[in-house]
S.K.: 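Got a structure for you, questions after.
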Amino acid sequence: MSPPSAPLIIHGAPASQPSRAVYWLCMIKSLPFELKPLGIDGMGPDAPLLKLNPAGQVPTVEDGTFAVYEMPAILIYLCEKHGWNDLLPTDLSARTRVHQYLHFHHNFTRRATLELMAPFVTVAFAERMKGTPIESRISDPNKLENGRSCVRHVADLIERGFFQDGSTHLCTSHATIADIACYEELAQLRWAALFDFEGFPKIQRWFGEMEQLPFHDPAHRYNTVLGDIRTEENTLKRFLEASAAGVIALGA
Ligand SMILES: N[C@@H](CCC(=O)N[C@@H](CS)C(=O)NCC(=O)O)C(=O)O
């Protein structure tokens with residue numbers, strides 16, 4: 001375990017939804033951290049990261065000599081280590097609801113990025129990514145409609161399956177790490193002008209609740225600077241400027 005003074009190292013990037021979940025949690029709880037962005041555009045794995053995480057993905061965190069990857073595992077680790085019981089409740093049923101959501105997340109909510117956000121973001125890398133599977137999604141003429149249909153399905157499952165008993169948040173009456181994880185996938189679609197959540201009143205009300213959490217704005221500076229990538233095509237310049245703004249906002 002690390003000495004108390006050593007800041008957590010987060011290998012991550014502002015453009016990465018699970019990375020934002022990890023550093024927003026740290027900001028909410030005033031836990032010092034150092035963000036290690038990857039490569040020039042923050043997206044390519046480097047050799048030190050590959051040693052910690054064979055998939056080379058972000059987020060991966062280093063807490064002294066202990067390293068952990070996969071966003072839900074990181075969020076749970078930090079809550080358990082620091083006793084953040086508000087964000088990971090000790091009550092068995094509330095805690096189980098949080099775990100339930102975090103398992104649901106990988107197969108459902110995460111698709112909001114893979115099917116809708118990523119095809120519009122990765123346009124910026126079209127030249128670099130020729131021949132990769134992502135390239136085929138970029139050229140899909142139905143990418144907006146297909147992505148929206150996927151998100152509509154996920155939003156419907158969340159609207160009907162969570163917010164139980166009139167709760168304002170996914171699993172309990174206040175924000176937990178489930179809300180943070182989910183928010184990073186869904187809220188980005190509004191700033192990017194890809195999906196407006198019309199017809200999902202519980203999710204819309206919940207967006208308003210989540211915006212009140214500490215450090216919401218600096219944690220999402222990448223998204224607000226990037227803005228609409230549906231009517232204005234994303235470019236490498238836009239992506240890099242938004243990523244840089246996202247990193248600067250964290251320093252401030
Ligand atoms: N299941 C992982 C997903 C991580 C992930 O998809 N990371 C992306 C960025 S958002 C990444 O590192 N992509 C680069 C790569 O796969 O090489 C988690 O929850 O942490």
Side-chain angles (χ1 to χ4, degrees), residues 8-26 33 35-63 66-79 88 98-126 128-138 147 150-151 154 176-189 191-192 194 219-220 222-223 226 229 234 236 239-240 242-243 246-247 250:
L8 187 76
I9 296 174
I10 304 176
H11 297 265
S16 155
Q17 304 73 21
S19 299
R20 290 197 300 270
V22 171
Y23 64 63
W24 192 21
L25 171 67
C26 294
F33 66 89
L35 182 73
K36 282 211 172 154
L38 307 178
I40 182 167
D41 50 28
M43 292 304 274
D46 55 16
L49 176 63
L50 286 166
K51 274 197 192 147
L52 302 171
N53 176 349
Q57 289 199 316
V58 294
T60 294
V61 306
E62 288 178 84
D63 191 8
F66 180 67
V68 56
Y69 51 89
E70 291 296 327
M71 174 272 294
I74 298 169
L75 301 188
I76 291 168
Y77 166 73
L78 290 173
C79 285
L88 181 59
V98 172
H99 286 300
Q100 174 183 274
Y101 171 76
L102 293 173
H103 287 279
F104 169 93
H105 181 92
H106 285 305
N107 273 342
F108 293 99
T109 321
R110 182 70 179 141
R111 303 217 70 77
T113 287
L114 303 179
E115 303 297 330
L116 186 52
M117 189 75 184
F120 285 84
V121 170
T122 51
V123 167
F125 308 104
R128 284 187 199 183
M129 299 180 96
K130 274 204 164 62
T132 68
I134 271 177
E135 174 68 14
S136 63
R137 293 208 294 267
I138 292 170
C150 170
V151 173
V154 168
T176 68
I177 51 174
D179 297 278
I180 293 173
C182 184
Y183 187 77
E184 294 311 328
E185 299 292 327
L186 300 189
Q188 60 177 358
L189 303 174
W191 289 305
L194 290 167
H220 299 95
Y222 160 80
N223 301 93
L226 186 69
I229 50 171
N234 195 15
L236 197 53
F239 175 84
L240 291 177
S243 293
V247 172
L250 300 187

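Being a predicted model, the structure only gives us computed values, none of them experimental. Index from 1, following the sequence. Whatever order the structure lists ligands and atoms in, that order sets their numbers, starting from 1.
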S.K.: Kindly identify the option in L75, V58, V22 whose heavy atom sits closest to atom 7 (N) of ligand 1.
M.R.: V58
S.K.: Of the non-hydrogen atoms in Y69 and A73, which two are nearest, and what is the gap between them?
M.R.: O-CB, 3.8 Å
S.K.: Would one find an N or O of E70, backbone or side chain, under 3.5 Å from an N or O of ligand 1?
M.R.: yes
S.K.: Short N/O distance, under 3.5 Å, between Q17 and ligand 1?
M.R.: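 For ligand 1, there is no N or O atom that lies under 3.5 Å from one belonging to Q17.
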S.K.: How does P18 reach ligand 1, by side chain, by backbone, by both or by neither, if only non-hydrogen atoms under 4.0 Å count?
M.R.: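 Answer for P18: side chain.
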S.K.: Should E184 and T113 be marked as a side chain to side chain contact (heavy atoms under 4.5 Å, CB included) after you check the CA-CA gap, both sets of side-chain angles, and the distance that decides it?
M.R.: CA-CA 9 Å; E184 294 311 328; T113 287; over 6 Å; no
S.K.: May I ask you to check whether M71 has an N/O atom sitting below 3.5 Å from an N/O atom of ligand 1?
M.R.: yes
S.K.: Would you say H105 touches ligand 1, if touching means a heavy atom closer than 4.0 Å?
M.R.: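 No heavy atom of H105 comes that close to ligand 1.
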S.K.: Please report the interatomic distance CG(N53) to OG1(T60), rounded to the nearest 0.5 Å.
M.R.: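 So the CG of N53 and the OG1 of T60 are separated by 4.0 Å.
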S.K.: Mark up the atoms of ligand 1 that fall under 4.0 Å of a heavy atom belonging to S16, in ascending order.
M.R.: 9 (C), 10 (S)
S.K.: How long is the straight-line distance from NZ of K36 back to CD of E62, given to the nearest 0.5 Å?
M.R.: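 Taking CD in E62 and NZ in K36, the distance rounds to 6.0 Å.
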S.K.: Is a side-chain donor-acceptor pair under 3.5 Å present for D63 with Y77?
M.R.: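 Note: Y77 and D63 side chains meet the donor-acceptor criterion.
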S.K.: Could you go through the side chain to side chain contact (heavy atoms under 4.5 Å, CB included) check for F120 and N234 one step at a time?
M.R.: CA-CA 7 Å; F120 285 84; N234 195 15; over 6 Å; no
S.K.: Need the ligand 1 atom indices (1-based, order shown) with element for anything under 4.0 Å from a heavy-atom of P59.
M.R.: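 Within the 4.0 Å cut-off of P59, ligand 1 contributes 20 (O).
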S.K.: In sequence, state the C-alpha distance, the side-chain angles, and the governing distance for Y183 and H220, and then conclude on ring pair (Phe, Tyr, Trp, His ring centres under 6.0 Å).
M.R.: CA-CA 11 Å; Y183 187 77; H220 299 95; 5.4 Å; yes
S.K.: Show the atoms of ligand 1 that are less than 4.0 angstrom away from any heavy atom in R110.
M.R.: 5 (C), 6 (O), 10 (S)
